[in-house]
Each structure stands twice: as C-alpha cells, then as structure tokens.
Amino acid sequence: MATVKKNNKMKIIIPICIVLVIAIIAGSIFAVSQKNKTPVVSLTTIGTNNIVESVSATGTISSSTSREYSASTVANCKEVFVKVGDKVKKGDKLATFSTEELDSQIKSLQSTYNDSLVAYNSAVKSQSDAKNKLNSTNKRIKALEKQKKKLEKKTVKNSTTKKTSTTKKSVSKTNKTLKADPIIPGISTPSYSEDIEEAVKALEELVTTINGLAEDVETTNAITRQVMQTIADELATGNYKPEALADAVGDAVAKAIQQGLIDETKLIVDSGVVVDSIEAAVKNVNWKAIGSSIAEEDNIQLTSVELQLAALYSQKELFSVGADQSVVNAQKQIMKSSKSALDSLKKAQSELQAGWVSSINGIVTECSLEEGQQTSALQTGIKVENLGELSVTISLGEYDVHKVEIGMPASIKTAYGSYKGEIVSIAPTATGKSSNSILDSVGSMAGISGLSSLTDSGAGVECVVKVFEPDDNIIAGFEASVDIRTGSFNDVPTVPIESIVLEKEGTYVYKYNEEDETVIKTKIETGATSDTAYEVVSGLKIGDKIVSTPASDYEEESFKVRVN
C-alpha cells in the first residue's frame, strides 16, 4: 500500500494568510472610519465686490406738526367745539373755560409774594446797614488797637522808670540806715494775679448777662457800650467800690432807656429787671483788684481802651452775622419762588379766559374734555395733528448713530407701500439704559443695525425721518421700517457673512491650506458691512480660500478636512 507524505510548509502558510486577510480587512475598516471622521467642507474663494452700507431700524409713524392743549391748573370747562376726527383750521375755537375759582388762589399767592418781597427788601437793608456798621466798627477797632499798643509801651516804660527810682531810693535809705530792714521768712510781695483772673471771669459773666437781655443785635450793642463806657469813666475817677460802680452803671442804663438810646421794646424782660440784672453782675466783679493794677493814669486809660475793644469785638461778630449774604439769598429764593408761582397761575388763567384756539390746520386726534367738568393738569385736553406731514421716529444705537447724518436719504416701508424720506433731526443725547449696547456691537459686525433699540433697556438716540409725499396708506400710529444708506464701497475684498465666526475676542474665518489639506482659524479685520458681506481690511487676500459655512462644534484651531 502506498504511503502519502504530508507537506508541513502548507500547514504554516495557511494560518499566515488568514492573519494577513484579517489585518487587511481591519485596516480597511479603520481607514474608512478615520476618513468618515474628517470634516467635509465647502470652500469660498475671496474676491472683490461692491458694498452698500446702510442702517436699518423700525419706528413709529407720527405727524410732523402737532399741537397739544392742556390746562396747567384746574378749571371748569364751559364749552367744547370739537371731537376726535374733526378737521380744524388755524384760528378755529376748540374750547372755553370758567376761571372765577382761580381768583382766590391768585389773591392768596399775591399776598404771599408781597410778604416775601417785603422780607427780602428788609433783609437787603439789614445787610447793608450791618455792612456799614461792620466797616465803622472795624475802623474804631483799628484805631483803638493802635492806641492800646502806644499805652502798653508807655506803661511798660513808666513801670521801669518807677522801679529804677524806687531802687535808688531804697539804696540811699539803706546807706543812711545803720541796720537793714529784716526780711520775714514766708512773706512775699503782695500779688493780685489770682484776683485779676477772678475779675476777668466776672467780667465775662457780665457780658453774658447783657447778651441775654435782648435778642436784637443793636439793643445788645447799645447796652454793652453804655455799661463799658460807664465802668471806664468810674474807674478813671478812682471809684473801685462794687456797690458804687453797680449803682452808677444801673443809673446810666436806666437813663439811656428813658432817653431812647436803648430800645425798651426790644428787651426780653422789663427795663427794671434789666437794670437789676446788670447791677448784680457788676457787683460780682473785684474792682479793687482791677484798681490795684491801674493805679496810675496810663493804666486807667489802657483799661478803658481794653474795655471798649471788648465791646467792639462783640459788636463785630454780631454785625458780621448780619452782613452775611446767606440770609439775603434765602429771602431772595423765597421771593422768586412765590413770584414764579403767581405768574404761572396768572398766565394759566389768562389762557383759559381766552379759550383754546387751534394754531395749525389738522385733525383732532385726542379730546378728553367734557362740558361742565373740571380739567386735569395731568392729561392732554385736545390734540391736533397735521396728518399731511408725517415722519418716522427711530432709535439708533451707539454703533449706528455715528454713521448717520442729517440730510441723508432714507427708504421707508409700511405694510401697504414704500416711500422716500430724509433725516431731519438727530437727538444730541441718548435715552434709556446702555446695558445692552453690546447688542449693537454684535449687530454691527453681523451687518444688522438697531438691535438695542428693540429691547426695553437698550439705550438709543432718537432720529426723525421725514416722509416725502405721504398718502392714505401710511397711517400715524403704525410702525414702519427705515433703511438709511450711509456709504458705498466699490471693488473691495469681501467675505460672506455666513463664513464669519464672531467671538468676544474678534472676528474669525477658517482659512484652507491646499498643501496639507487643513484649515486654520484665522483672525481678520473688517470694514464696511452689508446684509450679505463684510469688507476685509486685513487677515485675508484676494484668492485665499475659506470654509464657506463653519460648523459650531469645531474643537481645534487647525485640523484636516475633506473638500466637498
């Protein structure tokens, strides 16, 4: 029987082939899966185009010429001659009113104004008098201060001379005397410093007492002058007894009151109480201590000057208060306010007495008046509008307002027609909050204007667009869209809006690299915009290829792509 010999090489090759087949299949599957993961994109080539830049917004149609009639005060309506929808001509009577009830209000305001005028004039006069008296007082103070310095120098000189003379006499006496006078331990030369300090305190209390006797500045000054002058005169005669000084001062004040030098009607208490109060205060002063320091004639004069200066310094402070402008300003403001209120009410009464007359040709669009009822200062009584002259009021954001100028042409569209127009006014300031101005930033980059004006909190500048040749299809109160052409840019590099990626940091596109079949996120700078394209200022050049519509889920800055 023949024997069949088996081939061992075949046993090895077959498994290897099977492994290779599996590897090839797996590799193919992997390659296919990887190929499926590569983004498929469409490309756009950068070229040149024309851009017409414009600003678009929506606004409310209204009459360019309108007049509102309202009462600035409450009055009774007698007759109403119009109703909503009536056509009126300039000069037509609209309504009449009864104003008798305003007479008492005007009379009361007139009285208030008269009183405030008197108070203001009195304040001006008092201030003028106070200024004059302050100037006079300052001059007297300056003269007395000069006199005081001279007396102080003279007193010091005389004191030195006296001390020298006394010393010489003592030396001479000692030379003649066989034995010097004994010095008793513990006994020093008498000093009146403590007594003088107590006397000064008592004088301060005297001034306080005088200030409490009258509220009127002039009366207080008159009492102070009379008391100080009497004290100075008495001290000059060598009278230092408290009781005698008190009697002298009391008699002088009583006499001044009798003669009218001190106004008794301005005193807080009875004139007899005034005299008693001053006498009691004068008795509390240690005049003997004061007299010990003014034993000489020069010292008496110096003390008299110092007392007069004390009174003048007090007067200066009081006159300074009276001369202050703040009191006059306050009275002036009260007077002006009452005058303004009076004039306003008189004007309102005069207008109501004449009745309301239309100042334009137009149609009555509002009328809230009824015969026999009171007017309200909080609402419009009658409104007349000239509907032959219409305009649209729009709001421009901060990124759009700088592109628009008065005189620029505009296109206006309503639900029933299109019209030509022109910018006639732009407000100088914005109204509303500015928290949503970021909307205008994004909108400007996207070629969309006026986004912030669509929100309640967006700030905007009011812009009025006049409508040329309005017809019956454009109705006041409805909305209209406005398109304002702000500029033209011809043959400029452009990029489609759908190719743009807007981010907080800037504007980007995905630029294609043909060599390695990749795209890279590239920042660009844009200029003019339209509804469909951006002008490319930098970052791209003509002929560059970019991703037409980038996906929102790209995670890498650069990656491979497959071009569709």
Side-chain angles (χ1 to χ4, degrees), residues 57-103 105-106 343-395 410 412-425 427 431 462-482:
T58 301
T60 303
I61 304 167
S62 63
S63 170
S64 298
T65 306
S66 64
R67 295 290 184 273
E68 293 185 358
Y69 302 86
S70 58
S72 56
T73 185
V74 176
N76 289 322
C77 180
K78 291 173 62 177
E79 293 180 279
V80 181
F81 301 101
V82 295
K83 63 182 182 298
V84 174
D86 287 351
K87 291 184 178 181
V88 296
K89 295 180 180 179
K90 183 178 180 179
D92 286 351
K93 186 173 289 188
L94 304 176
T96 58
F97 305 89
S98 173
T99 62
E100 289 80 4
E101 63 275 9
L102 298 179
D103 292 341
Q105 297 180 38
I106 291 176
D343 290 344
S344 297
L345 191 58
K346 282 183 175 180
K347 181 181 178 181
Q349 185 187 48
S350 177
E351 291 175 349
L352 290 172
Q353 285 175 340
W356 290 349
V357 176
S358 180
S359 59
I360 62 171
N361 298 328
I363 296 176
V364 177
T365 56
E366 290 184 34
C367 183
S368 60
L369 294 181
E370 292 184 20
E371 295 180 2
Q373 292 187 355
Q374 283 190 330
T375 62
S376 171
L378 300 178
Q379 66 183 42
T380 299
I382 295 176
K383 184 176 182 179
V384 178
E385 297 184 78
N386 184 351
L387 299 181
E389 298 178 3
L390 297 178
S391 61
V392 181
T393 302
I394 60 176
S395 180
I412 301 147
K413 291 183 179 180
T414 68
Y416 296 99
S418 298
Y419 306 86
K420 293 181 179 180
E422 182 181 271
I423 309 301
V424 293
S425 70
T431 56
E462 187 177 273
C463 175
V464 178
V465 183
K466 182 179 179 181
V467 181
F468 294 155
E469 300 180 0
D471 54 28
D472 293 340
N473 289 325
I474 183 168
I475 301 173
F478 285 162
E479 289 189 343
S481 60
V482 177

Would a distance-only check, ignoring hydrogens and angles, find a side-chain to backbone donor-acceptor pair under 3.5 Å from S63 to N386? yes

Counting C-beta onward and ignoring hydrogens, is there a side-chain heavy-atom pair between I363 and K87 closer than 4.5 Å? yes

Quick one: closest heavy-atom pair of V465 and A410, and the distance? CG1-CB, 3.8 Å

Measure the shortest side-chain to side-chain distance between K78 and S98 over non-hydrogen atoms and say whether it is less than 4.5 angstrom. yes

Who pairs with L94 by side-chain contact (heavy atoms from CB on, under 4.5 Å), at least two apart in sequence or on another chain? Y69, V82, V88, W356, S358, I382, V384

Can you tell if the side chain of T393 reaches within under 4.5 Å of the side chain of V464, non-hydrogen atoms only? yes

Smallest heavy-atom separation, N473 atom then T414 atom, equals O-OG1, 4.4 Å

So V364 and F81, do their side chains get closer than 4.5 Å, heavy atoms only? no

Decide side-chain contact (heavy atoms from CB on, under 4.5 Å) for N361 and K89; before the verdict, give the C-alpha distance in whole Å, the side-chain angles of both, and the deciding distance to 0.1 Å. CA-CA 4 Å; N361 298 328; K89 295 180 180 179; 3.7 Å; yes

A quick test of your reading: do over 12 heavy atoms of other residues, nucleotides or ligands sit less than 6.0 Å from CG of D471? yes

Please report the interatomic distance CD1(I412) to CD1(I61), rounded to the nearest 0.5 Å. 8.5 Å

Results of salt bridge (charged side-chain N to carboxylate O under 4.0 Å, His left out) for K383 - residues two or more places apart only: E68

Under the salt bridge (charged side-chain N to carboxylate O under 4.0 Å, His left out) test, which residues partner K83, sequence neighbours left out? D86

Minimum side-chain heavy-atom gap V80-E370 below 4.5 Å: no

How long is the straight-line distance from CG of L345 back to CD1 of I106, given to the nearest 0.5 Å? 4.5 Å

F468 atom CZ, neighbour heavy-atom count above 12 within 6.0 Å: yes

Determine the minimum heavy-atom distance between S395 and A57, stating which atoms define it. O-CB, 4.3 Å

Pair Q349-D103, side chain to side chain donor-acceptor pair (under 3.5 Å): steps then yes or no: CA-CA 9 Å; Q349 185 187 48; D103 292 341; 2.8 Å; yes

